[in-house]
**Q** 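Below: one structure in structure tokens.
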2 protein chains.
Amino acid sequence: MAATIKDIAKLAGVSPGTVSRVLANKTAFFSQQTGEKVQAAAAKLGYQKNTAAAELVTRQSNVIAAIVNSTKTNFASPIIEGIQAEAHRRDLDVIILYAGDGDPEQQRRALTTVIERPVRSILLLSVDLAAENLPLLQRSRIPFCFLSISFDDVRVPYITSDDWQVGYQATRTLLAAGHRRIGFAGVDRDFHTGRQRLAGYRRALQEAGVSPQPEWIQFGNYSYTAGQAAMQAYGAQPDVTAIIGASDLATVGVLNQARSLGLQVPADLSLLAIDGTDICELVRPALSSVSQNFYDMGVAGVQQVSAGNAIPQKITPIKVVPRASIRRLVSE
Amino acid sequence: MAATIKDIAKLAGVSPGTVSRVLANKTAFFSQQTGEKVQAAAAKLGYQKNTAAAELVTRQSNVIAAIVNSTKTNFASPIIEGIQAEAHRRDLDVIILYAGDGDPEQQRRALTTVIERPVRSILLLSVDLAAENLPLLQRSRIPFCFLSISFDDVRVPYITSDDWQVGYQATRTLLAAGHRRIGFAGVDRDFHTGRQRLAGYRRALQEAGVSPQPEWIQFGNYSYTAGQAAMQAYGAQPDVTAIIGASDLATVGVLNQARSLGLQVPADLSLLAIDGTDICELVRPALSSVSQNFYDMGVAGVQQVSAGNAIPQKITPIKVVPRASIRRLVSE
DNA sequence: ACAATTTACACAAACGTTTGCTTTAGCGCT
DNA sequence: AGCGCTAAAGCAAACGTTTGTGTAAATTGT
């Protein structure tokens, strides 16, 4: 049906091989004249390359796959933008797959769809791969790199912020504003990320000479509802004067629940969000945040998998950006 | 390097053809015994199918591509979830491509990456394709369908809400709450969607006997900043008592700008958002909205392209969901 | 016991490229 | 004139599947 390289060859009066070289712009192999003839024929026929065929013989493609878990936390877009920008710079195309939300079967599905075709490399955005699926990835021999997630047990390449620093800097920020009773809301206890952030938090507190009460830490899964639930647990007369939200969304959950409980932010309660996506600017008061550089994470990811060399882990810098959700406490 | 069907054949002592049929589970063609032998060999070799080869001969694949424009308006996720759900029900895989934000070159790039390989069909989420790129799509003979966007000039399949109704119902809702001086903020004037919504808005007003002032309508591109700018234009003593925001994000822009101007929502100004995504629940007051059913749009999209029959356009229902941003006016 | 049918498998072509190798033609040099 | 050299293009194999056709063995019916 569709025009092939052979049709062009016939029309231009050359061999298919030559057409291939012209189309690939291997200028060393053909004269300008035939080049023009072939281009003209291709245009006339409305030729569309059959990439499946090309990939079959070259065992290569120029697409890089980004697998993202569809959790409601929304930092995926800046990462993807970073990936896209860097990929295009290298003349690579990007396809994105959703891997569900921790469902191993959906992960496997997304994984096999990319592994079965010769993608150049695989980027996994914040997906905590089920143990059973990791071998699939490794066996494929395709370069891969996790983004915005870290591990302590397995040796796999990942790029992320320094989670310990995130917790530490967040806490220091609040301490610097005069707070001492500081909560941490919606953070998980099961993964590296959560544990590290908590460790940084505890260390900062300890350095300041305050020993955190167990109920200051409200565990959760970074979601809006986790934030709500956490604030519900703190109650209308919270023991804490400031709360670190485990994610932007979680912090908004805290914020809204606080309001429901009759608390003013930041007058009665200070808030500091972790992530620093657009959401911080959407709500009022705008949320102060320790912000991750998701865009750079994306470009670093592409660089990592393209380099192929084994920089196994990389850290992208964080910065705290003050907005309007923290009240500076006068010394008591 | 990687194991092929021939390696399996050798190991299992059968022909490659048989292996292919076993792996494709064409049970009519092999005995249970050889089936098991082949499966065992495949497992032992860690066989991964080479989809490029398969697609080359079958000229078919089971992936459907979703192309989304990366505008900051965020309804893409529910649509994609809908697509994903319906696709998996049909045993199809979904890949997602970003097509930039109205940049024809990026659109072309995304388009060719999917056209060059045998995707089953193409769904375009809210991308207003540059005129020069449409032929690319049509020439490819791949079934496609636009989602969440409509056209008046070109005859292409699309699925969207009834934009006229969106404008009409939004306005009626505000009228029903006693408002008469109603603004429309951040809506575009160049595309079908904006024009239709405006037409519905004007009609509802007219039916209620009110003639809209030109400055009640503030044009824009549906973005947060468009909302801000619109509110800035309305000013601190707005002529209107209620405003329809062209999108959730635009409405939040209006909301925040209103607050900056010293206006209380809904006490001084009522707001109604169009779209009804999660964002409406994030801000305070929660935004009342006329909500589109994006999820259903996604499933309808894959049904449409799968059916292949030419239901050219389809409408998904809308509903108005009241939250907290509209004040009921007592009759004056 | 033999033809007819079915079952189970092998064989080989085909899909549309890419690319190493070969061939041809044209040219300058001695 | 004969040589080597280069530029240009053709030839054909290969990539890993799928699938229509051919065929031997097993099964059934008479």
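Basis for what follows: all heavy atoms, side chains included, without hydrogens, waters or symmetry-related copies.
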**Q** Please enumerate all residues that pass side chain to side chain contact (heavy atoms under 4.5 Å, CB included) together with P104(B), with sequence neighbours excluded.
**A**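 P104(B) satisfies side chain to side chain contact (heavy atoms under 4.5 Å, CB included) with A130(B), E132(B), N133(B) once adjacent residues are dropped.
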
**Q** To the nearest Å, give me how far apart CZ (R59(A)) and P (dC15(D)) are.
**A**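 R59(A) atom CZ is separated from dC15(D) atom P by 7 Å.
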
**Q** What is the distance from CG of L56(B) to P of dT18(D), rounded to the nearest Å?
**A**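 The answer, rounded to whole Å, is 11 Å.
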
**Q** Tabulate below the donor-acceptor pairs under 3.5 Å that side-chain atoms of residues 9-30 of chain A make, not counting sequence neighbours, or state none.
**A**
{"residue": "S15(A)", "atom": "OG", "partner": "T18(A)", "partner atom": "N", "Å": "3.4"}
{"residue": "S15(A)", "atom": "OG", "partner": "T18(A)", "partner atom": "OG1", "Å": "3.2"}

**Q** Find out whether N69(B) and S126(B) are in side-chain contact, i.e. whether some heavy atom of one side chain is under 4.5 Å from a heavy atom of the other.
**A**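 Yes, side chains in contact.
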
**Q** Nearest whole Å is fine: how far is dG16(C) P from D7(A) CG?
**A**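 So the CG-P distance, D7(A) to dG16(C), works out to 9 Å.
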
**Q** Rounded to whole Å, please give me the gap between NZ in K10(A) and P in dC11(D).
**A**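 Roughly 13 Å, once rounded to whole Å.
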
**Q** Does the ring center of F151(A) lie less than 6.0 Å from the ring center of F146(A)?
**A**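 Yes, they do, as the ring centres are separated by less than 6.0 Å.
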
**Q** Measuring only between side-chain heavy atoms, which start at C-beta, is R59(B) closer than 4.5 Å to P118(B)?
**A**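 R59(B) does not reach P118(B) side chain to side chain.
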
**Q** To the nearest Å, how far apart are N50(A) CG and dG16(D) P?
**A**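 Interatomic distance, CG of N50(A) to P of dG16(D): 17 Å.
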
**Q** Taking the basic N atoms (NZ, or NE/NH1/NH2) and the acidic carboxylate oxygens, is any pair closer than 4.0 Å for D103(A) and R109(A)?
**A**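 Between R109(A) and D103(A) there is no salt bridge, as every charged N stays at least 4.0 Å from the carboxylate O atoms.
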
**Q** Between C1' on dC9(C) and CD1 on I8(B), what's the gap in Å once rounded to a whole number?
**A**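 Answer to the nearest Å: 17 Å.
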
**Q** At a heavy-atom distance below 4.0 Å, what parts of residues 17-40 of chain A sit against DNA chain C?
**A**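 Close to the strand are G17(A), S20(A), R21(A), K26(A).
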
**Q** Looking only at side chains, do T277(B) and D275(B) share a donor and an acceptor under 3.5 Å apart?
**A**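 Short answer, no.
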
**Q** Rounded to the nearest angstrom, tell me the gap between atom CD in E55(A) and atom C1' in dT17(D).
**A**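 It works out to 14 Å between those atoms.
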
**Q** Can you tell which of H88(A), R89(A), Q84(A) makes a side-chain hydrogen bond (donor to acceptor under 3.5 Å, both in side chains) with E86(A)?
**A**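 Going through the options one by one, the only one that passes is R89(A).
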
**Q** Under a 4.5 Å cut-off applied to non-hydrogen side-chain atoms, are L97(A) and I96(B) in contact?
**A**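 Result no, sub-4.5 Å side-chain heavy-atom pair not found.
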
**Q** Detail all sub-3.5 Å separations between protein N/O atoms and N/O atoms belonging to nucleotides 22-24 of chain C.
**A**
none

**Q** May I ask you to evaluate whether S15(B) reaches the phosphate of dA10(C), defined as a side-chain N or O under 4.0 Å from OP1 or OP2?
**A**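 Yes, S15(B) has a side-chain N/O under 4.0 Å of OP1/OP2 on dA10(C).
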
**Q** For dC15(D) and K6(B) - does any side-chain N or O of the residue sit under 4.0 Å from the phosphate oxygens OP1/OP2?
**A**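 It does not, given that no N or O in the side chain of K6(B) lies less than 4.0 Å from OP1 or OP2 of dC15(D).
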
**Q** Can you confirm whether V114(B) sits close enough to F144(B) that some side-chain heavy atom of one is under 4.5 Å from a side-chain heavy atom of the other?
**A**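 Not in contact.
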
**Q** Take the protein atom CZ of R117(A) and the nucleotide atom P of dG16(D), then report the distance between them rounded to whole Å.
**A**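 These atoms are roughly 16 Å apart.
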
**Q** Considering only distance and modelled atom types, tabulate donor-acceptor pairs under 3.5 Å from the side chains of residues 38-56 of chain A, sequence neighbours left out.
**A**
{"residue": "N50(A)", "atom": "OD1", "partner": "A52(A)", "partner atom": "N", "Å": "3.0"}
{"residue": "N50(A)", "atom": "OD1", "partner": "A53(A)", "partner atom": "N", "Å": "3.2"}
{"residue": "T51(A)", "atom": "OG1", "partner": "E116(B)", "partner atom": "O", "Å": "3.3"}
{"residue": "T51(A)", "atom": "OG1", "partner": "E116(B)", "partner atom": "OE1", "Å": "3.0"}
{"residue": "E55(A)", "atom": "OE2", "partner": "R117(B)", "partner atom": "NH1", "Å": "2.7"}

**Q** Quick one: bend of the helix from dA1(C)-dT30(D) to dT30(C)-dA1(D) from 5 pairs per end, to 10°?
**A**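 Comparing the axis at each end, I get an angle of 40°.
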
